[in-house]
Amino acid sequence: MVVAGETVLPVGGEVSRPADLAAAVREIEAAERPRWVWADTRETYPALLESGARVGRCHDLALTEGLLLAYEGRHGESRTAMAAHARLRGLPVPEEAPSPPGTLFAPEPMAAEAVAEVLADQLRRVAALPEPGRFRLLVAAESAGALVAAEMTHEGMPWRKDLHDELLTGLLGPRPVHGMRPARLQALADEVAAAFGRPVNPDSVRQLVKAFKDAGVELKSTRSWELKRVEHPAVAPLLAYKELARLFSAHGWAWADQWVRGGRFRPEYVVGGVVSGRWATSGGGALQIPKVMRRVVVADEGWTLVVADAAQLEPRVLAAMAGDVGLARAAGEIDLYSALATSFGGQRDHAKIAMLSAMYGGTSGDASKLLAVMRQRFPKAYQFVEDAAKAGEEGRLVRSWLGRTSPPPSARWRELVSGPEGGRAARDRGRFTRNFVVQGTAAEWALALLAVLRGLLPEPAGLVFFQHDEVMVHCPREQAGEVVAAVQTAAAEATRLLFGDTPVRFPMEAVPVTCYADAK
DNA sequence: AAGGTAGGCGCC
DNA sequence: AAAGGGCGCCTACCTT
């Protein structure tokens, strides 16, 4: 069924079995390379991939509905395609019932006609926006991101369980029986207890604070940076314990049993899971893998990992968005902060502090002095983030470059802000919106890069990991050069798509490595 | 027993 | 060297 030039996937219609569906998709894809339109990529695409069907482009109704509702200030409304359809028809909006990902047919598959109606409505709403071109790009990038996410879960990141076990055993001792601490952790816990002269559970904040207090040390918290300032024999073993305990509990043997299969780590990505447009993951903690674990991510025999990350992405994004000529000139260099140094008395680190403070609302230390320099030297960039902060403090919405819109402040915030401690709440909100415009646009650039890169990769190379401003491609060794070049092309194209002709450069260094740990 | 919150820390 | 915003996930601890 073709509506308005769009191919609508007949889920639950005349094609009833997944294998038939996959075959039909393959056939149509090969013949027409259409833009598929479906309710939710997470529901539909994993099973297609299982059946060997890949698609080039799609329009994800649920993700698009979410973007549109946010833009329209309708944050509380359900973003599923079914809900969107019900609203169109004036019917009761169904409860949000997330179906488990990987099921090809949602409990109540949407009729093709309903899909087409929601699509038409969304296209109308986009066309009515002040910047429809930008929003169309956002919709396309978000939908492409959903395809990439499903494909990365399908492909999986190479993960050597044997090396992971070796790493853990080396740091913690052999895998303990369930419910026990590994030997090294237990030894450190014993050292902590010995230093206090009594049993203390190093996992218990309350017990630790009490133990330190009895030893004459007052602590506000047991955060490691605070402990580091304390002179006490328990501190060293406690810091070592904390570091290893986290490794054990968050990325230890039990984690591997749950998330690593067949030499692949397959996290579930949540596209647009962060309000700023960054991705989140549900389960597996894929975006918080400790750096020490990178050594267990190893390419298959004869294959290579091409690892690429965008350098200083957020200040470059700010330079391009604000149209600040001076900052854009600096952002035309590979090392933006070095290029800025002359404006800050030749001190690169001062330039960096100024930029970070401007983007995040920092106030500590030398920030205010450096921000004054920034304001004078780069007035447009400074004003851009100041305006975003002011909007937040006043409870207004802000938008990223392509139109992703911040959530409105809560009712609780509105209460707080008019109360005696209102200034603090307002400033917190201002920091959030100040950062939103930069982080959100950086996420859009990364999404565009991902979408373009996906289309440039030669078979059988595949994206296997994405973390905010970093991508990893797994490919046969002889394709490494081609993949590195594809990353460069994709970075340039992402820049052009978002900002057109800009002097700002977005360097993306791509290196082929056998092991992830060798990439930095 | 189950669910929620807080403290803490990993990543960008 | 760090500051800042954003997350997810762990354990401890409290409430129901």
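Chain naming here is simple, since letters A, B, ... match the order of the sequence lines and numbering starts at 1 in each. Please read these numbers as outputs of a predicted model, since none were measured by experiment.
Within residues 242-249 of chain A, the residues having any heavy atom closer than 4.0 Å to DNA chain B are, in order of number, A:Lys242, A:Arg246. Near-neighbour residues of DNA chain C inside residues 203-216 of chain A, defined by a heavy atom below 4.0 Å, number-ordered: A:Asp203, A:Ser204, A:Arg206. Contact check of residues 330-346 of chain A against DNA chain C (heavy atom, cut-off under 4.0 Å) returns no residues at all.
The cationic group of A:Arg294 lies under 6.0 Å from the six-membered ring centre of A:Tyr516 and within 45° of the ring axis, placing it in a cation-pi geometry.
A salt bridge does not link A:Arg266 to A:Glu155: none of the charged nitrogens lies less than 4.0 Å from a carboxylate oxygen. Taking 4.0 Å as the cut-off between side-chain N and carboxylate O, A:Asp40 and A:Arg42 do not count as a salt-bridged pair.
Residues A:Asp335 and A:Ser338 bring a donor and an acceptor atom of their side chains to less than 3.5 Å of each other.
Mapping heavy-atom proximity under 4.0 Å, the span of DNA chain B touched by chain A runs 5' to 3' from B:dG7 to B:dC12.
Consecutive Watson-Crick or G-U pairing (both distances under 3.5 Å) extending over three or more pairs maps onto DNA chain C as B:1-12 with C:5-16.
A:Phe466 has its ring centre no less than 6.0 Å from the ring centre of A:Tyr269. Here the two rings, on A:Trp159 and A:Trp255, have centers that are under 6.0 Å apart. With ring centers used as reference points, A:Phe499 lies under 6.0 Å from A:Trp401. Between A:His232 and A:Phe196, the ring center distance clears the sub-6.0 Å criterion.
Residue contacts shown for A:Gly273 are absent, as no nucleic acid heavy atom lies under 4.0 Å away.
Residues meeting the side-chain contact (heavy atoms from CB on, under 4.5 Å) test with A:Arg396, sequence neighbours left out: A:Lys390, A:Ala391, A:Glu394.
Put simply, the side chain of A:Arg348 never gets that close to the backbone of A:Phe344: no donor and acceptor are under 3.5 Å apart.
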